[in-house]
Engineer: 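This is the structure I have questions about; it appears just below.
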Amino acid sequence: MTIENNEKPAVSNFIRTIIDNDLASSKHTKVVTRFPPEPNGYLHIGHAKSICLNFGLARDYGGVCHLRFDDTNPIKEDVEYVDSILADVRWLGFDWQDKLFYASDYFDRLYDFAELLIMEGKAYVCDLSQEEIREHRGTLTVPGKDSPYRGRTPAENLDLFRRMREGEFEEGTRSLRARIDMASPNLNMRDPVIYRIKKAEHHRTGDKWLIYPMYDYTHCISDALEGITHSICTLEFEDHRPLYDWFLDQLPVPCHPQQIEFARLNLTYTVMSKRRLLELVQKGTVRGWDDPRMPTIAGMRRRGFSPEAIREFADRIGVAKANSIVDFELLQFCVREDLNRRANRVMAVLDPIKLTIEDYPEGKTELLEAENNPEDPAAGKRQIPFSSTLYIERDDFDENPPKGWFRLAPGAEVRLKHAYYVTCKEVKKDADGRVTELICTHDPASRGGWTADGRKIKGTLHWVSAEHSIPAELRLYDQLFTIADFNDMEEGKDFEDYLNPDSLSVKTGCRVEPSLAQASRGERFQFLRLGYFNVDDDSTPEHLVFNRIVTLKDSWARQQNK
RNA sequence: UGGGAUGUCGUCUAAUGGUAGGACAGCGGACUCUGGAUCCGUACGUGAGGGUUCAAAUCCUUCCAUCCCAGCCA
């Protein structure tokens with residue numbers, strides 16, 4: 001485990017209580033967990049919760065967490081996904097050491113166990129079609145009917161199962177089923193299929209197998225074979241637990257792990273289902289799995305969220321069994337908290353308006369010193385060029401300012417960060433009345449941003465020198481959806497009806513300070529007063545591209561909204 | 001309408017018969033060369049009814065609400 005838990009102690013939750021009791025009662029002397037993704041898609045923030053939970057538990061209890069790919073359905077899986085999952089887990093900061101497994105590694109043993117079940121009369125080959133199986137299953141309120149093939153002898157079943165493996169039968173014509181109870185009120189116990197014929201190439205086992213085991217059969221056995229103590233999964237598997245336990249009770253496995261279910265993560269203003277995320281990608285609604293608006297790990301990484309922030313978020317949301325939806329604000333808080341500590345401050349102007357200092361020598365350049373991070377003196381200082389022609393933010397000037405306005409206005413004096421106090425003397429406009437240039441004077445005594453007379457200057461603006469600044473593209477993001485909680489979706493509406501048309505806003509013609517020319521891909525900054533940004537993967541030295549990770553808190557905007 | 005689960009501030013989450021606590025969001029203030037950060041303060045909650053108990057979020061009981069399950073997906 002690469003992450004030390006040297007911060008505050010973890011908050012109590014029901015899973016830790018279970019583990020504490022198991023350790024106290026000597027049911028277990030160590031803790032072994034696992035994160036078991038199916039490699040059929042990209043990981044999202046919901047998976048991150050599970051990853052942090054499982055690896056975090058192992059870390060805190062001095063145990064180990066396995067990474068196991070649940071690769072029992074070859075037609076949906078691909079190495080592309082295993083690679084991305086490996087990368088994402090590693091990026092999040094977790095280390096599975098040598099405990100990397102694949103359910104497909106157990107196919108031989110799984111097969112042998114199946115023959116054992118057959119020989120003991122606990123499984124049979126069923127010739128019912130998929131539709132017929134469904135009909136026989138009954139409904140939520142009506143018990144199922146036994147399959148006509150339920151009474152086959154072990155010898156007959158063994159023969160048929162072996163011929164299934166040899167590829168003698170077509171897909172869908174036969175399956176291996178556990179013989180449990182067709183009248184069980186739990187549908188999962190009504191003779192579930194445990195092997196199906198699939199003449200598909202598997203990304204790891206190739207064409208070796210023509211039959212593949214089902215999740216319910218595979219998962220519990222894999223857990224047992226790996227010596228998992230606590231098998232943690234999401235709530236929808238609660239009804240599967242009796243089946244999980246049933247298989248382990250029938251088979252000579254080394255141990256019987258305990259399945260524990262917790263509520264999956266939901267976040268406001270986003271979707272988490274693989275199906276919906278896939279649809280966004282396939283329809284081109286977003287640019288891909290790593291679109292910075294996506295709740296995928298890849299998307300959040302590209303957006304600039306740090307693994308530290310995501311881990312902190314996972315810790316703060318806790319673990320429980322109640323269905324819930326976490327406020328996206330909390331994630332943003334965690335990102336800000338982390339970046340505030342670590343990101344260097346620089347200046348960039350999103351929407352430039354020219355500001356000319358009429359009493360500053362034209363053509364003169366001076367270098368002003370600026371701290372890189374007031375939260376971290378070790379981050380050092382840098383020099384920023386200043387000249388008579390600057391750009392400031394268009395929003396930082398208002399010809400008719402509202403009450404409480406600290407920024408620039410006709411006749412008003414403001415501080416240019418790290419530079420001088422300036423006073424607006426004249427406003428130039430074009431034919432349409434749009435402001436084109438602000439003519440100001442400056443106070444030479446305020447160099448460095450401060451004067452001896454101690455007069456109060458409330459407004460401090462960011463700026464760049466027109467001549468020295470470099471152009472950049474800034475991409476601003478907002479929530480992908482306009483609805484906080486999809487449980488509140490109106491009848492007859494689809495999730496895509498709630499897409500936010502303004503989730504992406506690309507700003508060109510922005511100007512950034514010259515130090516950013518050297519910024520490397522992925523590097524994170526605070527653009528003073530604008531928010532945290534990182535260098536996007538699309539960025540080149542000729543065309544800088546930044547993503548806004550998250551805005552700063554804006555109490556002025558909040559006040560204006562009142 | 002069968003079975004399984006869950007209901008604690010707006011949101012997430014503690015409290016395991018003994019002072020309902022924390023975090024985010026909110027509100028107010030201080031401070032500030034970022035209307036940032038920081039600091040301080042503040043309001044807000046046990047789904048409902050009955051019962052047991054000196055004492056109930058916790059135990060019992062009856063309701064109510066929400067979520068999950070009828071894949072040869074995981």
Side-chain angles (χ1 to χ4, degrees), chain A residues 11-14 17 36-38 40 70-73 75-77 126 128-130 133-135 137-144 171-177 184-190 192-198 211-212 214-216 218-219 233-242 261 263 268 274 316-334 336-337 340-341 345 347 370-371 374-375 404-407 415-419 421 446 448-450 457-462 484 487 526-531 551-560:
Chain A
V11 309
S12 169
N13 64 50
F14 78 100
T17 303
E38 182 188 18
N40 70 342
D70 231 329
D71 55 350
T72 57
N73 187 355
I75 63 169
K76 291 173 73 176
E77 298 154 7
C126 182
L128 256 25
S129 69
Q130 197 166 165
I133 286 184
R134 189 183 314 126
E135 286 159 14
R137 187 157 28 226
T139 69
L140 295 177
T141 50
V142 178
E171 284 186 23
T173 59
R174 283 186 165 88
S175 62
L176 184 70
R177 297 228 255 161
S184 172
N186 181 343
L187 298 253
N188 295 116
M189 302 299 274
R190 319 239 263 227
V193 170
I194 60 181
Y195 265 93
R196 73 286 216 196
I197 299 168
K198 265 186 201 290
I211 55 172
Y212 290 92
M214 299 286 287
Y215 163 85
D216 284 307
T218 306
H219 204 91
C233 62
T234 44
L235 249 28
E236 66 270 26
F237 292 103
E238 265 171 333
D239 290 342
H240 295 240
R241 187 171 0 109
E261 310 86 11
T268 56
K274 219 165 249 181
R316 283 178 180 253
I317 57 176
V319 180
K321 296 196 70 158
N323 278 306
S324 60
I325 180 161
V326 176
D327 201 330
F328 195 85
E329 286 277 0
L330 181 61
L331 215 204
Q332 296 195 318
F333 168 83
C334 294
R336 287 192 189 104
E337 182 185 54
N340 176 51
R341 221 162 35 222
R345 274 61 168 169
M347 292 200 285
E371 60 188 346
E375 306 293 320
W405 181 258
F406 296 169
R407 285 119 92 150
R415 172 190 294 113
L416 296 179
K417 180 81 178 174
H418 305 303
Y421 295 175
S446 63
W450 189 81
I457 301 294
K458 283 198 133 177
T460 299
L461 310 186
H462 59 279
N487 287 321
Q526 183 192 109
F527 286 6
L528 228 62
R529 302 210 299 137
L530 293 180
T551 60
L552 259 25
K553 279 216 277 190
D554 188 348
S555 54
W556 169 245
R558 212 192 319 133
Q559 191 179 324
Q560 290 300 287

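Heavy atoms only: backbone and side chains are in, while hydrogens, waters and symmetry mates are out. Naming: A, B, ... by sequence-line order, numbering from 1 per chain.
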Engineer: Which nucleotide in the list B/A70, B/A74, B/U34 gets nearest to the side chain of A/Arg345?
Structural biologist: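 Shortest atom-to-atom distance from the side chain points to B/U34.
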Engineer: Let me know the distance between CG of A/Leu330 and P of B/C12, rounded to the nearest Å.
Structural biologist: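 A/Leu330 atom CG is separated from B/C12 atom P by 11 Å.
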Engineer: Classify the nucleic acid contact of A/Glu375 as base, sugar-phosphate or nothing, counting any heavy atom under 4.0 Å across all strands shown.
Structural biologist: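 Answer is base: heavy atoms of A/Glu375 come under 4.0 Å of a base.
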Engineer: Under the rule for side chain to side chain donor-acceptor pair (under 3.5 Å), what residues qualify as partners of A/Asn186, not counting sequence neighbours?
Structural biologist: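 A/Asn186 satisfies side chain to side chain donor-acceptor pair (under 3.5 Å) with no other residue.
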Engineer: Within this structure, what is the CZ-to-P distance between A/Arg407 and B/G35, rounded to whole angstrom?
Structural biologist: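 So the two atoms are 7 Å apart, to the nearest Å.
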Engineer: What nucleic acid atoms does A/Leu128 come within less than 4.0 Å of, heavy atoms only: base, sugar-phosphate, or nothing?
Structural biologist: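 Base: the residue A/Leu128, judged by heavy atoms under 4.0 Å, touches a nucleobase.
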Engineer: Any strand counts, and the cut-off is 3.5 Å on both contacts for Watson-Crick or G-U wobble. Which nucleotide pairs with B/G36?
Structural biologist: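 Its partner: none found.
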Engineer: In whole Å, I'd like the distance from the CG atom of A/Asn323 to the P atom of B/A65.
Structural biologist: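 Distance, rounded to whole Å: 17 Å.
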Engineer: With a 4.0 Å cut-off on heavy atoms, is A/Asp239 in touch with a base, just the backbone sugar-phosphate, or nothing at all?
Structural biologist: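 The answer is base, as A/Asp239 lies within the cut-off (heavy atoms under 4.0 Å) of a base atom.
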Engineer: Can you tell me whether the base of B/G71 sits syn or anti, using the 90° cut around 0 to define syn?
Structural biologist: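 In terms of base orientation relative to the sugar, B/G71 is syn.
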Engineer: So which atom in A/Ser175 and which in A/Ile133 form the shortest heavy-atom distance, rounded to 0.1 Å?
Structural biologist: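 Closest approach of A/Ser175 to A/Ile133: OG-CD1, 4.0 Å.
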Engineer: May I ask you to evaluate whether A/Lys553 reaches the phosphate of B/U34, defined as a side-chain N or O under 4.0 Å from OP1 or OP2?
Structural biologist: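 It does not, given that no N or O in the side chain of A/Lys553 lies less than 4.0 Å from OP1 or OP2 of B/U34.
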Engineer: Please verify the inter-ring angle class for A/Phe237 with A/Tyr215; under 30° counts as parallel, over 60° as perpendicular, anything in between as tilted.
Structural biologist: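 Answer is tilted, since the angle falls between 30° and 60°.
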Engineer: Expressed as a whole number of angstroms, how long is the span from A/Phe333:CZ to B/U38:P?
Structural biologist: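 Value for this atom pair: 7 Å.
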Engineer: From the set B/A74, B/G71, B/G26, return the single nucleotide nearest to any side-chain atom of A/Arg134.
Structural biologist: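 Nearest to the side-chain atoms of A/Arg134, counting from C-beta on, is B/G71.
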Engineer: Considering every strand shown, what is the Watson-Crick or G-U wobble mate of B/A23 when both distances are under 3.5 Å?
Structural biologist: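 With both distances under 3.5 Å, B/A23 matches B/U11.
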Engineer: Taking all non-hydrogen atoms of both residues, which atom of A/Arg415 and which atom of A/Ile457 are closest, and how far apart?
Structural biologist: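 A/Arg415 and A/Ile457 have their closest heavy atoms at N-CG2, 3.4 Å.
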Engineer: Return the nucleotide paired to B/C54: Watson-Crick means purine N1 to pyrimidine N3 with N6-O4 or O6-N4, wobble means G-U with N1-O2 and O6-N3, both under 3.5 Å.
Structural biologist: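 Pairing partner: B/G18.
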Engineer: Just jot down the side chain to side chain donor-acceptor pair (under 3.5 Å) partners of A/Glu38, sequence neighbours excluded, or say none.
Structural biologist: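 Side chain to side chain donor-acceptor pair (under 3.5 Å) check on A/Glu38 returns A/Asn40.
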Engineer: Would you please indicate yes or no on a ring centroid separation below 6.0 angstrom for A/Phe333 and A/Phe328?
Structural biologist: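 No; A/Phe333 has its ring centre 6.0 Å or more from that of A/Phe328.
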Engineer: If B/U6 has a Watson-Crick or G-U wobble mate with both distances under 3.5 Å, name it; if not, just say none.
Structural biologist: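 Across all strands, the one nucleotide that pairs with B/U6 is B/A65.
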Engineer: Within the pair A/Arg196 and B/C73, is there a side-chain N or O less than 4.0 Å away from OP1 or OP2?
Structural biologist: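 Answer is yes, contact under 4.0 Å.
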Engineer: Give one of base, sugar-phosphate or nothing for A/Thr17, where a contact means two heavy atoms less than 4.0 Å apart.
Structural biologist: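 Base, at least one base atom sits under 4.0 Å.
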Engineer: Can you measure A/Leu140 atom CG to B/C67 atom C1' for me and round it to whole angstrom units?
Structural biologist: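 Computing the A/Leu140:CG to B/C67:C1' distance gives 14 Å.
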Engineer: Quick one: which of B/A15, B/C27, B/U34 gets closest to the side chain of A/Leu552?
Structural biologist: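 Within the option list, the nearest is B/U34.
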Engineer: Taking only the side-chain nitrogens and oxygens of A/Arg137, find out if one of them lies under 4.0 Å from OP1 or OP2 of B/G71.
Structural biologist: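 Checking A/Arg137 against B/G71: at least one side-chain N or O falls below 4.0 Å of OP1 or OP2.
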Engineer: Report the base-pairing partner of B/U46 (Watson-Crick or G-U wobble, both distances below 3.5 angstrom), or none.
Structural biologist: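 Answer to the pairing question: none, since B/U46 forms no Watson-Crick or G-U pair.
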Engineer: Between the protein and nucleotides 39-48 of chain B, list the N/O to N/O atom pairs that are separated by less than 3.5 angstrom.
Structural biologist:
none

Engineer: Between A/Asp327 (side chain only) and A/Leu330 (backbone N and O only), is there a donor and an acceptor less than 3.5 Å apart?
Structural biologist: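 Looks like no, no N/O pair under 3.5 Å.
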Engineer: With a 4.0 Å limit, can you tell me whether A/Thr268 has a side-chain N or O closer than that to the phosphate oxygens OP1/OP2 of B/U11?
Structural biologist: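 Looking at the OP1 and OP2 atoms of B/U11, neither is under 4.0 Å from any side-chain N or O of A/Thr268.
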Engineer: Remember a base hit wins even if backbone is also touched, and classify A/Ile325 as base, sugar-phosphate or nothing at under 4.0 Å, heavy atoms.
Structural biologist: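 Here A/Ile325 touches the backbone only, sparing every base.
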Engineer: Using 4.0 Å as the upper bound for N to carboxylate O, is an ion pair formed by A/Arg345 and A/Glu371?
Structural biologist: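 Looking at A/Arg345 together with A/Glu371, the answer is no, because their closest N to O distance does not fall below 4.0 Å.
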Engineer: Taking all atoms of both residues into account, what is the closest heavy-atom pair of A/His219 and A/Asp70, and its distance?
Structural biologist: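 Where A/His219 meets A/Asp70 most closely, the heavy atoms are ND1-OD2, 2.7 Å.
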Engineer: Round to the nearest Å and state the distance from A/Lys321 atom NZ to B/U13 atom C1'.
Structural biologist: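 Computing the A/Lys321:NZ to B/U13:C1' distance gives 16 Å.
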Engineer: A/Glu38 side chain: which of B/A70, B/G26, B/C73 is closest?
Structural biologist: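 Nearest to the side-chain atoms of A/Glu38, counting from C-beta on, is B/C73.
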Engineer: Select base, sugar-phosphate, or nothing to describe what A/Lys274 touches, counting heavy atoms under 4.0 Å on all strands.
Structural biologist: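 Touches nothing.
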Engineer: To the nearest Å, how far apart are A/Asp216 CG and B/C72 C1'?
Structural biologist: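 Those two atoms, CG and C1', are 12 Å apart.
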Engineer: Identify whether any heavy atom of A/Phe237 sits under 4.0 Å from a base atom; if not, whether one sits that close to sugar-phosphate; answer base, sugar-phosphate or nothing.
Structural biologist: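 Answer is base: heavy atoms of A/Phe237 come under 4.0 Å of a base.
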Engineer: A/Asn13 has an atom CG; how far is it from atom C1' of B/A23, in whole Å?
Structural biologist: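 The answer, rounded to whole Å, is 15 Å.
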